[in-house]
Trainee: 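Take a look at the following structure, please.
In what follows, chains carry the letters A, B, and so on, assigned in the order in which the sequence lines appear, proteins first and then strands, with residues in each chain numbered from 1. Note that this is a predicted model, so its numbers are computed, not measured.
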Number of protein chains: 2
Amino acid sequence: MRRKAMSTSLSELKTLPFWRSLSLSEQEIMANCAQIRQYQKGELIYSHDQECLGLIKVLSGNIRTFMLSDEGREIVLYRLQSGDTDVLSASCVVNQITFETQMTADTDCRLLIVPAVCLSNFKENNLPVRCFIFEKLGEKFSDVMHQMQKILFTPVDVRLSGAIKDHMEKCGKSEITITHQQLADEINTSREVVSRLLKRMELNGIIHLGRGKIMVANKSRLP
Amino acid sequence: MRRKAMSTSLSELKTLPFWRSLSLSEQEIMANCAQIRQYQKGELIYSHDQECLGLIKVLSGNIRTFMLSDEGREIVLYRLQSGDTDVLSASCVVNQITFETQMTADTDCRLLIVPAVCLSNFKENNLPVRCFIFEKLGEKFSDVMHQMQKILFTPVDVRLSGAIKDHMEKCGKSEITITHQQLADEINTSREVVSRLLKRMELNGIIHLGRGKIMVANKSRLP
């Protein structure tokens, strides 16, 4: 979707991490090309096969970055929060990014965007900006690897128990309100796997299942 | 293991991708710190919890980069061949690398190494070298993501069939000589999983199993 972009203010531009390394004329160019865009909760922000966005800086809201399997299964790679900068949304500018990702708004979002065309020029002609792009990419590499280690090395039942315990702590009760699909999304597996594991826990007397609810009967026996 | 390092020749140093961006005095510093090291097949080259190596350039041989699970299972991330440069072996220099990897010699290897201490100085004081380090890291990010997509999104039986077909093509016969463990290593799973899948294929009349051998009876029915 092509959306109306709002112009930026100097205070917003100054939050760009490489702003100080730009010359006055470069700052002017950046001010003319950078944009503010707003997205609603659930909206697609970036997809490798659609508009190449550019560098983004989250001014407010939360974003989910994920890979999509052929069957449509989501593997969450990392989340972005207010203040975070990211370049995975600029894959057309950074040749090194050859894998396919998507970004969705977890909440209503407000983003500062340096569009791909503009970013590409800076990348070629300004070494600090070029370096910044690749350093940012390196950071995301680590974020993703920690996530992958979790997915590949932690058994799915342990991940499920961990998620249930987290929710119990958050709401301070032994009954949590959550769907199997939400749990599946959180621990990067399918709803079917979550339902099967929960059923087994129920048979073992560890939990009781209600509609959209899980009552933990025996927390110490969670895997 | 601390090994005797051999001094480098100019022709070897000139293969460093950023050599031309160094001043004459920087080239001299690089010549004094860069080393050649040799490793034997199977030898550990780099481990996150041992000596921080620095930037490596493979002059000859092949290297395997992998993560190790708590149970000792290897997840191969990528392989390096003659001519490849890598910086994952310099995690102490690159703050962005916060995950743990290891490198092992798949064959006898000869490496040009820019040791961590020396690399660190160049990273801080030479922007082209700094950029090179992060660009290289970005490339590896993509290599790893393609591998992760394969592991997470391709069912293990399809990966196993693919490996068997590859070996059949390589040797031009329908009988291949390979152990279950070797196949498991190749497709990033455990030996138990490979043995179970092969047994099922045998029951279905697709293959016959021998000692260290697999005879493919019906290639078209491989998953």
Trainee: Between B:Glu12 and B:Lys57, does at least one N-O distance fall below 4.0 Å, as a salt bridge requires?
Mentor: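 No.
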Trainee: What option among A:Glu139, A:Arg130, A:Glu100 has the most heavy-atom pairs under 4.5 Å with chain B?
Mentor: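 Ranked by heavy-atom pairs under 4.5 Å with chain B, first place is A:Arg130.
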Trainee: Measure A:Val94 against the heavy atoms of chain B and call it side chain, backbone, both or neither at under 4.5 Å.
Mentor: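 Nothing of A:Val94, per the 4.5 Å heavy-atom cut-off to chain B.
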Trainee: Given that the side chain runs from C-beta out, which part of A:Ile151 has a heavy atom under 4.5 Å from chain B: side chain, backbone, both or neither?
Mentor: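 The answer is the side chain of A:Ile151.
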Trainee: Under 4.5 Å from any heavy atom of chain B, what part of A:Lys140 do you find: side chain, backbone, both or neither?
Mentor: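 Answer is both: backbone and side chain atoms of A:Lys140 are under 4.5 Å from chain B.
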Trainee: If only side-chain N and O atoms count, and only distance matters, is there a donor-acceptor pair under 3.5 Å linking B:His146 with A:Thr98?
Mentor: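 Indeed, the side chains of A:Thr98 and B:His146 share at least one donor-acceptor pair under 3.5 Å.
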Trainee: Are B:Trp19 and B:Leu22 packed together at the side-chain level, in the sense that at least one heavy-atom pair is separated by less than 4.5 angstrom?
Mentor: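 A side-chain contact exists here, since the closest heavy-atom pair is under 4.5 Å.
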Trainee: With a 4.5 angstrom heavy-atom cut-off, which part of B:Ile133 approaches chain A: side chain, backbone, both or neither?
Mentor: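 Answer is neither: B:Ile133 stays 4.5 Å or more from chain A.
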Trainee: Would you say the side-chain atoms of A:Gln181 and A:Asp185 include a donor-acceptor pair closer than 3.5 Å?
Mentor: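 Yes, a side-chain donor-acceptor pair sits under 3.5 Å.
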Trainee: For B:Leu152, is it the side chain, the backbone, both or neither that has a heavy atom under 4.5 Å from a heavy atom of chain A?
Mentor: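 When you check distances to chain A, atoms from both the backbone and side chain of B:Leu152 fall under 4.5 Å.
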Trainee: Any salt bridge linking A:Glu74 with A:Arg191? Criterion: basic side-chain nitrogen under 4.0 Å from a carboxylate oxygen.
Mentor: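 No, this pair does not count.
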